[in-house]
Amino acid sequence: MESKVSEGGLNVTLTIRLLMHGKEVGSIIGKKGETVKKMREESAARINISEGNCPERIVTITGPTDAIFKAFAMIAYKFEEDIINSMSNSPATSKPPVTLRLVVPASQCGSLIGKGGSKIKEIRESTGAQVQVAGDMLPNSTERAVTISGTPDAIIQCVKQICVVMLESPPKGATIPYRPKPASTPVIFAGGQAYTIQGQYAIPHPDLTKLHQLAMQQTPFPPLGQTNPAFPAGLDANPPASTHELTIPNDLIGCIIGRQGTKINEIRQMSGAQIKIANATEGSSERQITITGTPANISLAQYLINARLTSEVTGMGAL
């Protein structure tokens, strides 16, 4: 394999893996698979999408370097189109950047970062794209996520440079590829009871039922015109704060955080609780969430988190 790379790209076959959320995958597949079919035909790259009802899917792009860059360009422009379409219905004025997540063997990440971060700095400066290499490996794998964001053109230039590094520094040793885990069982709330779906049956879930009932009793906002409800004498208006910890599968954490933290901020505002999400720990497939506040705040935050998980899991059925 030559290490000199001309602007036109080497005629070497490469495989690049991307990590995408269900909604992004849906956008690339398109109605009846039309979009992905067009991408395959026009780029001449092989594009495979991992199976499963997982919140995350792996999109694998294989082919000569120029075919890969074409496929990447089509994906980046498709995502930009989605951002523009979603902005037409929202009050936001500044356009968020397009973001793609590559999955790269950890043994190649050192070359990508360079001595003292020199390589990654050079890539950022020459392409104008933001590049971040995750500090931890993805669960049960020896791969890391590399997040690229910017304009479609900056992303394409950035991917070209990353490909050059990957060709010059092949992975060392065996790579254990990251495989997203299927979504955990959905939860539904009906008639004040919580049920988990197992096969064709709904099994009552006592812990979640208690939470649900508590949450339904708590109104997060006081009625209009009644800013400070009167508390009976002897009752403390500010019950002492307590802390509760939850563990959430890594592959579902994205739906709780939301794009640029929008969902988690919403949950914080509605519940009035403080919510901290721990960083992913190596080898663990779960993330710790710490909720601090009054018992009522905590119950409401837990209920809202569960509701997010439920909508994400059940919403995945269409893909």
Side-chain angles (χ1 to χ4, degrees), residues 14-21 23-25 55-61 68-69 72-73 75-77 79-80 82-83 94-169 171 175-178 180 248 250-265 276-285 287-288:
L14 255 185
T15 296
I16 300 270
R17 284 152 53 79
L18 284 167
L19 189 55
M20 291 191 191
H21 291 301
K23 205 189 261 176
E24 296 169 328
V25 172
E56 291 183 320
R57 310 271 278 276
I58 296 279
V59 177
T60 309
I61 305 172
I68 284 182
F69 300 148
F72 256 96
I75 290 170
Y77 283 115
F79 282 178
E80 186 175 56
D82 293 343
I83 290 171
S94 62
K95 191 170 69 157
V98 173
T99 300
L100 290 177
R101 288 182 299 162
L102 305 183
V103 180
V104 176
S107 60
Q108 290 179 295
C109 287
S111 309
L112 189 54
I113 294 166
K115 204 167 186 179
S118 57
K119 189 68 196 169
I120 202 161
K121 185 168 178 260
E122 181 194 310
I123 293 174
R124 284 181 189 135
E125 285 172 0
S126 64
T127 64
Q130 274 300 318
V131 191
Q132 276 161 337
V133 178
D136 297 312
M137 292 192 214
L138 288 157
N140 309 317
S141 78
T142 56
E143 294 189 304
R144 291 194 202 178
V146 176
T147 307
I148 308 171
S149 55
T151 64
D153 293 339
I155 285 176
I156 298 155
Q157 290 308 318
C158 184
V159 168
K160 283 187 180 178
Q161 296 209 22
I162 289 173
C163 286
V164 171
V165 174
M166 289 169 77
L167 285 169
E168 289 177 347
S169 314
T175 298
I176 302 167
Y178 172 58
I248 302 282
N250 271 341
D251 44 15
L252 286 173
I253 206 83
C255 76
I256 291 167
I257 296 172
R259 197 175 279 273
Q260 295 176 334
T262 48
K263 291 295 169 204
I264 193 78
N265 286 339
K276 286 190 179 131
I277 298 174
N279 291 334
T281 51
E282 201 169 313
S284 165
S285 62
R287 295 275 280 277
Q288 197 82 17

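Side-chain atoms are counted along with the backbone in the values below, which use heavy atoms only and exclude waters and symmetry mates. These numbers were taken from a predicted model, which means no experiment stands behind them.
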J.: Roughly how far, to the nearest 0.5 Å, is the CD1 atom of I68 from the CD1 atom of I16?
T.: 5.0 Å
J.: When rounded to the nearest 0.5 angstrom, what is the spacing between CG in L18 and CZ in R101?
T.: 9.5 Å
J.: Among L100, V59, I58, V146, whose side-chain contact (heavy atoms from CB on, under 4.5 Å) with L19 holds?
T.: I58
J.: Using side chain to side chain contact (heavy atoms under 4.5 Å, CB included) as the criterion, list what pairs up with S107, not counting sequence neighbours.
T.: P105, P171, K172
J.: Spell out, as yes or no, whether a donor-acceptor pair under 3.5 Å connects the side chain of E56 to the backbone of D251.
T.: no
J.: Which residues pass the side chain to side chain contact (heavy atoms under 4.5 Å, CB included) test with C158, not counting sequence neighbours?
T.: I123, T127, A129, V131, I148, I162
J.: Check whether any side-chain heavy atom of Q161 sits under 4.5 Å from a side-chain heavy atom of S126, and report yes or no.
T.: yes
J.: Return the CD1 to CD1 distance between I61 and I75, rounded to the nearest 0.5 Å.
T.: 3.5 Å
J.: Can you pull out every salt bridge (charged side-chain N to carboxylate O under 4.0 Å, His left out) where at least one residue sits in residues 107-117? Sequence neighbours excluded, please.
T.: none
J.: Tell me, with the steps shown, if V165 and Q108 meet side chain to side chain contact (heavy atoms under 4.5 Å, CB included).
T.: CA-CA 8 Å; V165 174; Q108 290 179 295; over 6 Å; no
J.: The test is side chain to side chain contact (heavy atoms under 4.5 Å, CB included); show your working for E168 and S111 and say whether it passes.
T.: CA-CA 9 Å; E168 289 177 347; S111 309; over 6 Å; no
J.: Taking it one step at a time, do R124 and I120 satisfy side chain to side chain contact (heavy atoms under 4.5 Å, CB included)?
T.: CA-CA 6 Å; R124 284 181 189 135; I120 202 161; 3.9 Å; yes
J.: Which heavy atom of I83 sits nearest to which heavy atom of P97, and what is that distance?
T.: CD1-O, 3.6 Å
J.: What residues form a side chain to side chain contact (heavy atoms under 4.5 Å, CB included) with A73, not counting sequence neighbours?
T.: Y77, I156
J.: Between R287 (side chain only) and A278 (backbone N and O only), is there a donor and an acceptor less than 3.5 Å apart?
T.: yes
J.: What distance separates L138 CG from I176 CD1, expressed to the nearest 0.5 Å?
T.: 12.5 Å
J.: Taking all atoms of both residues into account, what is the closest heavy-atom pair of G258 and K263, and its distance?
T.: CA-CG, 3.7 Å
J.: How many angstroms lie between CD in Q130 and OG1 in T147, if you round to the nearest 0.5 Å?
T.: 10.5 Å
J.: With rounding to the nearest 0.5 angstrom, report the CD to CZ distance, Q157 to F72.
T.: 13.0 Å
J.: How would you list all residue pairs meeting salt bridge (charged side-chain N to carboxylate O under 4.0 Å, His left out) that involve residues 131-157, not counting sequence neighbours?
T.: R17-E143
J.: Who are the side chain to side chain contact (heavy atoms under 4.5 Å, CB included) partners of N265, not counting sequence neighbours?
T.: R268
